[in-house]
Colleague: 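The structure under discussion is supplied below as structure tokens; questions concerning it will follow.
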Amino acid sequence: TDNMEVEVYSVKVACKVASRFAHTVITSSALNKANSSQEVFFEVDLPKTAFITNFSMEIQGQTYTGEVKEKEKAKKQYEKAVSTGQTAGLVKASGRKMEKFSVSVNIAANSNVTFILTYEELLQRKLGQYEIMTRVKPKQLVQHFEIVADIYEPQGIAFLDAYGTFISNELLPLVEKTVTDKKAHISFCPTMDQQRKCPGCDGTLIDGDFLIKYDVNRAEALGDIQIVNGYFVHFFAPPDLPRVPKNVVFVIDRSGSMSGNKMHQTREAMLTILNDLHEDDYFGIVTFDHVISTWKESLTKATTENVSEAKGFVQTIQDNGYTDINGALMKAVDIMMKDKQAKKSTERSVSMIILLTDGMPNSGVSSTPQIQKNVRDAMGGNMSLFCLGFGNDVDYSFLDVMSRQNQGLARRIYEGSDATVQLQGFYKEVASPLLSEVDLHYPDNLVNSLTTSHYKQLFNGSEIVVAGRLTDNSLDNFLVEVFAKGPEEDFIVKGQASAQEWDILYPEQEYIFGDFTERLWAYLTIQQLLSMKETGTAEEKGNATAQALEMSLQYSFVTPLTSMVVTKPETDEEQEEPLIADKLTEDERQKAQRLGPVVPQMVGNSYMMPSSPTYFVDGD
Amino acid sequence: PHFMIELPEQEDALCFNIDDRPGTIFNLVRDQLAGILVNGQTIGDKKVAPDGKVNTYFGRFGIVHQGLGVRLEVTTHDITVSQDGKQAKLLWSDTASLKGANLDLQVTKDRSLTVTLRDSVRFVVILHKVWKQHPYHQDYLGFYTLDSHLLSPSVHGLLGQFYHGVQFEVRDMRPGEDPEKPDATMLVKGQELTVTRGWQRDFRWDVKNGENVPCWFIHSNGNGLIDGNHTDYIMSGLF
């Protein structure tokens, strides 16, 4: 709140990570010192990848707790609330990585309020590190401000870094890190004076992102298997593997809508990406508007001369015309298949197509389901597709589904001065495949409810995570095997897994890890079911939806299928008012992103003011 | 037509209606330095609705960029582009794009036209299709400025005068006639106006339903907010 009659006396962010599974609790308490009731806002940014699991408000000794319900059922309540003029909808998109949870309540004179929000996520390893991001913006000096994180990694912590975008040289010594072999403790607790922008003024320095980055030790080729309370998780990212050569076709949209900055940034990024190709890689370039062009009709070895020639070609790419995504991808597949047939590149190499586009197909085949079908049929599981969706107008869901149907993934590239860096960053993530056709095997008679255990590739700096439920507590013969294709020969490792004694590993801790592995398994299973809901056959979609919903409710995760219903306290002026916290889908985020940041409104439906001024005239 | 001025820095928006006889041509944007002119002609309903309300909408826009020699006429039927003596006609019934050295047009079938005049201005015209058999209403257009920061400080017109912002202050909020729409006093351009909290709709993302934008409504054709009064913006021709 900006209202100085409301004193925020405590803000605490407590994050506990056990084997990459992060459980974060944000607690904030405020006191209304005024003689009249005041509206108090609680706004928290949480990572898009996280699921809210709990929310409560404690007001005048009474606790109001959120309840996770099936989205459709919650929506009915919501619609009732909207129809009676009440507000609803607590979660909005916020920037590139986060979404914002916000709620406001009226607090009586001289009363306290405490908000507690809990969310959970499985940290993903990218470019060799995990990242925990907390956005803090208390808006006023806080008596007790604290960010504290405890990380427990049985594999051992290889490195850890903690910093804040708002942390000046004076505040830097306040970031305390204690890292022992398997445990890290990070804390940041500035006093009120240390939070001040300047001596004697009320402004706070605390406004920005607090980041913790770390990685774990990777000694074992088999990876790390943890078994806790009837669930197991296998983290697979073996050390010291040579990279597998790749065949890559870059498919670049040069239609009219790419004009200006986007085209310029694409050329810039491509020049760097081409430089980063390894000499044993083969590559091709397809550019398209409504006309499809190629740099060369077949894949070319990434020798210095060829790369230099390709860079010359990239510099000539000019924007023009309509968008024929189908034709361009068909051409790329054709180049790749011809190469395979001619056996030009190494047999063990990995094949991938990287599509960069900013728009909807409007030339050639323009039906997106038809394009998805054509691409899937043409690729036939022989190569992966990675899509980069550039800008706000791109149909991201279409690209996302198409990528996942072809064992790849999509990434949104946000328009901005750093778009070139985003493009290069994405390429780096997939530039170095280490293994292909990775199969992880566990004894059929001992496990069930396994998450995906076949992966098309393992990339350098990433990690494969498989989790499952044990059907038998006797672990005498829990044999784990991994089969994959390496650059020269097949990669085969086998090993025996055993349950870890967490209370022995962390004897001084209370037994806090009871259900972490189970929740990690549930989180991963739900994420994969949600993915199947988009990409599977009609029957698979139905089953995946039903199962994901059931698990979301069972584990109290706010996913795209569930909502958290929060009932606000009744006041003199207003009736009891249900509020809804949803998990946004990418489409909803995209829409919100176009409209800009969240602004609390005085009256009426929620509306997000655009980030730049808008002037218009229209009818009603 | 409903005018909307959204000011994210002030986290607020202003809105007003301009009502006049159907067929009136209004100047929306005029920047003599940049050579930009946008005029709009209103249309009415097919016939007066039973409630007796006379609604007007924009049915035709004329856009000129003198420096680039571009002239654009957008009606509810089609889009005519003239440049350097050459003329092209695009239909709302096709998705099409036209790309020139200084001009980009992107028509999304039956929905919107995005126009980029290089190094000058970017805007969208939205087509509102009304059921052909509707007894009263007919198709009409909306005009949305997407980027105007390159226009000169002297830019004017019913929309253009706000392109470089407007300072205002709202105080003394009180119950209005409608319990959902409180009144308040607005201090703007040295005057005190009674304004009403309300909504108008932004149709850019959802052309059918629009998105409600809360705003302070200035009564009497925007009197007090706009420079002069609305009749000062009436033009004799579309170009």
Side-chain angles (χ1 to χ4, degrees), chain A residues 2 82 84-87 254-261 263 289-290 318-324 358-364 366 392-393 395 415 573 587-588 590-620, chain B residues 1-9 11-13 18 26 28 40 55-58 95-99 104 106 108 114 116 118 123-124 126 128 140-149 158-160 162-163 165 173 180-182 197-206 210-214:
Chain A
D2 289 326
V82 170
T84 55
Q86 296 164 2
T87 53
R254 54 159 194 219
S255 63
S257 51
M258 287 285 287
S259 72
N261 245 350
M263 199 74 259
D289 42 64
H290 54 280
Q318 289 297 331
D319 49 285
N320 182 44
Y322 305 82
T323 311
D324 182 359
D358 76 331
M360 286 289 294
N362 57 12
S363 171
S366 59
N392 293 328
D393 300 324
D395 183 352
E415 279 187 74
E573 299 90 41
D587 281 344
E588 288 161 346
Q590 187 173 358
K591 191 175 170 196
Q593 207 67 48
R594 281 194 300 232
L595 292 168
V598 186
V599 177
Q601 295 299 324
M602 296 171 67
V603 184
N605 297 356
S606 72
Y607 173 77
M608 282 151 287
M609 193 68 72
S611 52
S612 58
T614 313
Y615 316 90
F616 65 82
V617 54
D618 211 328
D620 196 349
Chain B
H2 296 320
F3 287 74
M4 171 67 79
I5 316 299
E6 289 187 276
L7 302 156
E9 278 189 15
E11 297 187 348
D12 218 332
I18 297 283
F26 288 106
L28 302 179
N55 297 304
T56 53
Y57 314 88
F58 278 115
T95 288
S97 65
L98 197 149
K99 205 166 164 51
D104 290 351
Q106 175 85 41
T108 305
T114 306
T116 308
R118 190 100 4 123
F123 56 81
V124 170
I126 302 272
H128 294 271
Y140 65 94
L141 302 171
F143 179 92
Y144 294 73
T145 320
L146 296 185
D147 187 356
S148 58
H149 79 281
L158 282 169
L159 285 175
F162 301 106
Y163 283 172
M173 207 157 87
E180 285 205 342
K181 297 179 176 176
R197 193 68 179 169
W199 304 267
Q200 288 191 355
R201 276 190 275 178
D202 178 343
F203 290 96
R204 274 175 299 169
W205 318 118
D206 181 349
E211 180 134 8
N212 275 342
V213 185

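To find a chain, count down the sequence lines: A is the first, B the second, and so on, and within it residues start at 1. Quick note: numbers below take in every heavy atom, side chains included, and nothing from hydrogens, waters or symmetry partners.
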Colleague: Show your working on side chain to side chain contact (heavy atoms under 4.5 Å, CB included) between B:M4 and A:D618 and close with a plain yes or no.
Modeller: CA-CA 8 Å; B:M4 171 67 79; A:D618 211 328; over 6 Å; no
Colleague: Where do A:F616 and B:R201 come nearest, in terms of heavy atoms and distance?
Modeller: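 Taking A:F616 first and B:R201 second, the nearest heavy atoms are CE1-O, 3.5 Å.
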Colleague: Identify which of B:L98, B:D147, B:T145, B:L158 forms the greatest number of heavy-atom pairs closer than 4.5 Å to chain A.
Modeller: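 Highest number of pairs under 4.5 Å: B:T145.
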Colleague: At their closest point, which heavy atom of B:H2 faces which heavy atom of A:G619, and how far apart are they?
Modeller: CD2-C, 3.7 Å
Colleague: If you count heavy-atom pairs under 4.5 Å between each of B:S97, B:S148, B:G160 and chain A, which one has the most?
Modeller: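 Most heavy-atom pairs within the cutoff with chain A belong to B:S97.
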Colleague: Check each atom of B:F58 against the heavy atoms of chain A and say whether the ones under 4.5 Å are side chain, backbone, both or neither.
Modeller: side chain
Colleague: Give, as side chain, backbone, both or neither, the part of B:T116 having an atom under 4.5 angstrom from any heavy atom of chain A.
Modeller: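 Neither part; nothing is under 4.5 Å.
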Colleague: Where is the tightest heavy-atom contact between A:G256 and B:K99, given as atom of each residue plus distance?
Modeller: CA-CD, 3.6 Å
Colleague: Which bit of A:N320 is near chain B, if near means a heavy-atom gap under 4.5 Å: side chain, backbone, both or neither?
Modeller: both
Colleague: Of the options B:Y163, B:Y144, B:F3, which is the one that meets A:Y615 in a ring pair (Phe, Tyr, Trp, His ring centres under 6.0 Å)?
Modeller: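 Only match with A:Y615 under ring pair (Phe, Tyr, Trp, His ring centres under 6.0 Å): B:Y163.
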Colleague: Could you tell me if the side chain of B:Q106 sits less than 4.5 Å from the side chain of A:N362, heavy atoms only?
Modeller: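 Sidechains of B:Q106 and A:N362: in contact.
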